[in-house]
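Read the structure below first, then the notes.
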Amino acid sequence: MSTTREAILHKIRAALADVPQDETAVEVAVDRSYLTSDPEPEHRVDRFIERVSEYRAKVHRVTADTLAETIARLCASRGIRKLVLPPDIPASWIPDGLTPMVDHGLTDDQLNESDGVLTGCALGIAQTGTIILDRGEHQGRRALTLLPDYHLCVIREDQIVGIVPEAVRALQESAGRSDRPMTWISGPSATSDIELNRVEGVHGPRTLEVLVVMKQGG
Amino acid sequence: MTVEAIPTSPATPFQDSARLALADTQLRRNMGKATQTIRGKRSAVVRELPDWENLREAGRGIKERVLRHLDDYLIQLEESVKKAGGIVHWASDAAEANQIIAGIVKSHGAKQVVKVKSLTTDEIGLNEALHQEGIEAIETDLAELIIQLAGERSSHILVPAIHKNRAEIRELFRKKFGLADLTDDPKALADAARSHLRAKFLESKVAISGVNFGVAETGTVCVFESEGNGRMCLTLPDVLISVMGIEKIIPTWKDFEVFLQLLPRSSTAERMNPYTTFWTGVSPGDGPKEFHLVLLDNGRTKVLADKMGRQALNCIRCSACLNICPVYERTGGHAYNSVYPGPIGAILTPMLAGVENAGSLPYASSLCGACYDVCPVKINIPDILVHLRGEVVRHKQKKWGWPDPENLAMKLLARIFTSRGLFEKSQKLGRVGQKLAVHRGFIEHLPGPLAGWTTTRDIYPVANQTFREWWRTRS
C-alpha cells in the first residue's frame with residue numbers, strides 16, 4: 001500500500017474529528033424533494049424536438065415507413081458519400097448509392113476522412129434536448145460519433161423521457177459497466193469562449209441532425 | 001513564460017492588483033459585457049426549473065454527506081475504479097502529482113500530451129512541470145489555447161480568456177497560425193482552432209484531463225465540456241490520465257440527477273452543456289487502453305479540518321459566483337493572483353495556501369451575498385469570508401505577539417459600545433474632535449494611521465444632537 005494513501009486518509013480522519021464516530025454516511029440527511037418525474041409527460045416529444053432545435057440541431061419527424069427514405073434524402077442533399085455505420089445498424093436504414101463504412105475496426109484516420117455517421121441512441125431527454133449514447137444498440141463505439149463532421153441520429157418516440165432524473169434512472173445499469181462509456185450530447189459541438197457567445201461547431205461534429213421516429217397511428 | 005501554480009503566495013495583495021486592473025478600460029469593458037451576458041442567461045434557465053431551490057438543497061446535502069465521510073468514499077472509489085480496470089494513484093501535493101504524471105507519460109515514451117481544460121492541473125502547475133521533463137502539454141480548450149498562445153494566465157474558471165475580445169483573439173491567431181486573412185467572426189476563429197488541433201488529437205498517445213465528478217459506488221468518472229476537445233482527449237489516445245481533487249466524489253450514480261441539472265445551468269447557463277462523457281475504468285475496444293486516476297490532496301485536507309470553511313469543498317467549479325460578483329466584474333480574475341479567482345477563490349485560495357500567504361483575499365468582497373444566492377451547492381461564501389478575516393487578524397496577532405493599532409482601536413470601540421455612559425461621553429468628545437474633519441456633511445479624510453479607513457469610504461459625523469439627547473429635552 002502506498003504510504004501517501006495512508007497519509008491522506010489519516011489527515012482526512014484527523015480533519016473530521018468533529019464527526020461522531022458512530023455516524024454513518026446515510027445518516028447525513030439529503031433532501032430529495034425535487035422532481036423525479038415529468039409533471040407534463042404528454043408534451044415530452046414536442047418539447048424534445050423544440051429544445052434540440054434550439055441548439056441549432058435539425059430535427060425531423062418520421063415514421064418507421066419513411067425513415068429509410070428520409071435518411072437517403074438527407075445524405076443525398078448533404079453530399080454524404082462515405083457514411084460510417086455501427087456494426088449492428090439495421091440494413092434497412094442504409095441508403096443505396098453511397099459508400100457504407102461499417103465499423104469492423106475502422107482507424108481514426110478513416111473516420112476522420114469520412115463524410116458522416118448514422119447511429120441510433122440509448123435515450124433522449126425532453127427537458128434539456130439531450131441525446132444519450134451508451135454504446136448500446138445501433139450506436140457503436142465513441143469515436144464513430146466524434147470524428148465525422150456530420151452526425152445523423154435516430155431516436156424512437158418511446159426512447160424520449162421527460163426530465164433528467166428519469167434518464168439517470170434508466171441508465172443505472174449502463175453506469176456501472178466499463179463496456180458502456182456514455183456520451184450525453186446536447187446539440188452540436190459548441191463553444192462560448194469568445195465573448196460568451198455560443199458558436200456551434202468546434203471539435204465534434206459540426207452538424208447534428210435528429211430523426212424522431214413517431215409511432216404510427218399515434 | 002512561467003506561470004505560478006496555486007497554492008501560491010500572491011506577492012501582490014489583491015487591493016494593489018485590483019487598482020491596476022481597474023485602470024484598464026478595455027478589460028473593464030470586456031468583463032462587464034461578458035458577465036452581464038451570462039448573468040442574464042443563467043437567471044433565465046434557472047427560472048425554468050420550479051424545483052431549483054430543492055435541487056440546490058439536495059446538492060448541498062450530498063456534498064455534506066461526502067465530506068463528512070470522505071475517507072470511506074475514497075476507499076470505495078479506489079476499489080470501484082480498480083475493479084473496472086483503472087489504476088489509482090494518490091498524491092499529497094503538487095510535486096508528487098506532477099511526478100506521478102510525468103512518470104506515466106515517460107513510461108510510454110511520449111513527448112507530447114493533449115489536455116482537456118482542468119483547473120486542478122492548473123493548480124498543480126502541471127504544464128510547467130511537464131515542460132521541465134521535456135514533455136509538451138497542448139491545451140485543447142479554445143480559451144485555454146488562446147491564453148497558452150498568448151502566454152497569459154486564466155482570468156475565469158470557466159472561460160479563461162473572458163478578458164479578451166474577438167479582435168484581440170483574431171490578432172493572436174493571425175500571428176500564431178500565420179492566417180493573414182482571418183476575420184474576427186467567432187465562427188472563423190473556432191474553425192481555425194479546429195484545424196490547428198485536429199492533427200494533434202490524432203497523433204497524441206497520451207491525454208490528461210481533470211474530473212468533474214467521480215462516483216464512489218461505480219467508479220464512473222466524468223468530464224463536462226462544450227467543444228468536443230474533451231471527447232477527443234478522452235477517446236482517441238491510448239493512455240488517459242485524469243487528475244481529481246479528493247473532494248470531487250459523489251456517492252452514487254443516482255446523485256447525478258441533481259448535479260446534471262445544477263452544473264450546466266449555473267456554469268454556461270445552458271439547459272445542458274453540449275457534451276458530457278462518463279467512463280468506468282477501461283472499456284475494451286472503445287477509447288484508452290490504460291486509465292490512471294490521480295487523487296489529489298494538495299491542501300484539501302486542511303480545508304476539511306476547518307469546520308466552518310469545510311463547505312468550500314462543496315464547490316463544483318461552475319463560476320456562477322464569479323459572474324454575479326460586483327468586485328470580480330470590475331477587477332477581472334487576474335487581480336486575485338490565483339487559479340481560483342472571484343468569491344470562491346477569495347475563500348478557497350487562503351484556505352488551500354494558508355491565510356499567511358493570501359491574507360488580502362478575504363477582503364476582496366463587499367459581503368453583499370449575491371454569491372451565496374447563486375451558488376448551486378449553497379456555499380455560504382460571505383460567512384466564510386468573515387470567518388477568514390478573523391483568521392487573518394488572529395494570524396497577525398500571533399506573528400507580532402501584540403495586537404496591531406486597528407485591533408486596539410476595535411477593542412476600545414467594543415468596550416465603548418457595551419457601556420451607555422462611555423458611548424455618550426465619546427460622542428461628545430467626537431463632536432469636538434471632528435470639527436476640522438467634516439466637509440459637506442461627511443468625514444472624507446481621517447488623519448494619520450486612520451487614513452486607511454477613509455480611502456474607500458466616507459464616514460457620517462456624530463450628529464449635533466443625538467436621538468437620546470433630543471428625547472431628554474422633551475420633558
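The sequence lines fix the lettering, A, B, ..., with proteins before strands; numbering per chain opens at 1. Small disclaimer: the values here were computed from a predicted structure and weren't measured.
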Please identify which of these residues, A:L152, A:L118, A:I80, meets the side chain to side chain contact (heavy atoms under 4.5 Å, CB included) condition with A:L74.
A:L152
Using non-hydrogen atoms only, which part of [X] is less than 4.5 Å away from chain B: side chain, backbone, both, or neither?
{"X": "A:V30", "value": "both"}
{"X": "A:E166", "value": "neither"}
{"X": "A:L147", "value": "both"}
{"X": "A:S33", "value": "both"}
{"X": "A:T24", "value": "backbone"}
{"X": "A:L171", "value": "both"}
{"X": "A:R135", "value": "side chain"}
{"X": "A:A29", "value": "backbone"}
{"X": "A:D149", "value": "both"}
{"X": "A:T107", "value": "neither"}

Are any side-chain N or O atoms of B:E144 and backbone N or O atoms of B:T140, one a donor and one an acceptor, separated by less than 3.5 Å?
no
Would you say the side-chain atoms of A:S189 pair up with the backbone N or O of A:V202, donor to acceptor, closer than 3.5 Å?
yes
Considering only NZ, NE, NH1 and NH2 on the basic side and carboxylate oxygens on the acidic side, decide whether [X] and [Y] come within less than 4.0 Å.
{"X": "A:R206", "Y": "B:D191", "value": "yes"}
{"X": "A:D38", "Y": "A:R44", "value": "no"}
{"X": "A:R61", "Y": "A:D46", "value": "yes"}
{"X": "B:D255", "Y": "A:R32", "value": "yes"}
{"X": "B:E53", "Y": "B:R56", "value": "yes"}

If you count heavy-atom pairs under 4.5 Å with chain B, which of [options] comes out on top?
{"options": "A:D134, A:I8, A:L133", "result": "A:I8"}
{"options": "A:A175, A:G176, A:P39, A:P181", "result": "A:A175"}
{"options": "A:V164, A:L208, A:L144", "result": "A:V164"}
{"options": "A:K11, A:E23, A:R13", "result": "A:E23"}
{"options": "A:R177, A:E200, A:Q127, A:R169", "result": "A:Q127"}
{"options": "A:T36, A:D109, A:D108", "result": "A:D108"}

For a 4.5 angstrom cut-off between non-hydrogen side-chain atoms, does [X] reach [Y]?
{"X": "B:I100", "Y": "B:W90", "value": "no"}
{"X": "B:P50", "Y": "A:L35", "value": "yes"}
{"X": "A:C75", "Y": "A:E209", "value": "no"}
{"X": "A:P100", "Y": "A:L83", "value": "no"}
{"X": "B:L295", "Y": "B:R300", "value": "no"}

Taking [options] one by one, which has the highest count of heavy-atom pairs under 4.5 Å against chain A?
{"options": "B:R198, B:K41, B:K33, B:E64", "answer": "B:R198"}
{"options": "B:P186, B:G228, B:A190", "answer": "B:P186"}
{"options": "B:V215, B:T37, B:L55", "answer": "B:L55"}
{"options": "B:L67, B:I169, B:T35, B:N165", "answer": "B:N165"}
{"options": "B:L74, B:I38, B:T268, B:L236", "answer": "B:L236"}
{"options": "B:E57, B:K307, B:H163", "answer": "B:K307"}

[X] versus chain A, the contacting section by heavy-atom distance below 4.5 Å:
{"X": "B:V282", "answer": "backbone"}
{"X": "B:L70", "answer": "both"}
{"X": "B:K83", "answer": "neither"}
{"X": "B:K187", "answer": "both"}
{"X": "B:S195", "answer": "neither"}
{"X": "B:L304", "answer": "both"}
{"X": "B:R310", "answer": "side chain"}
{"X": "B:E48", "answer": "side chain"}
{"X": "B:R265", "answer": "side chain"}
{"X": "B:D306", "answer": "neither"}
{"X": "B:A269", "answer": "neither"}
{"X": "B:L158", "answer": "backbone"}
{"X": "B:V258", "answer": "side chain"}
{"X": "B:F224", "answer": "neither"}

Any donor-acceptor N or O pair under 3.5 Å, side chains B:T252, B:E217
no
More than 12 heavy atoms of other residues, nucleotides or ligands under 6.0 Å from NE2 of A:H10: yes or no?
no
B:E203 atom CD: more than 12 heavy-atom contacts under 6.0 Å
yes
Are A:W184 and B:F278 an aromatic pair by the rule of ring centers under 6.0 Å?
yes
Using the rule given for ring-ring contact (aromatic ring centres under 6.0 Å, His included), can you reason through B:H196 versus B:F173, listing the C-alpha separation, both sets of side-chain angles and the distance that settles it, and then say yes or no?
CA-CA 10 Å; B:H196 173 74; B:F173 280 12; 8.1 Å; no
Shortest non-hydrogen contact between A:R56 and A:P188, atoms and distance
O-CG, 4.1 Å
On a heavy-atom basis, the closest approach of B:P264 and B:R271 is CB-O, 4.1 Å
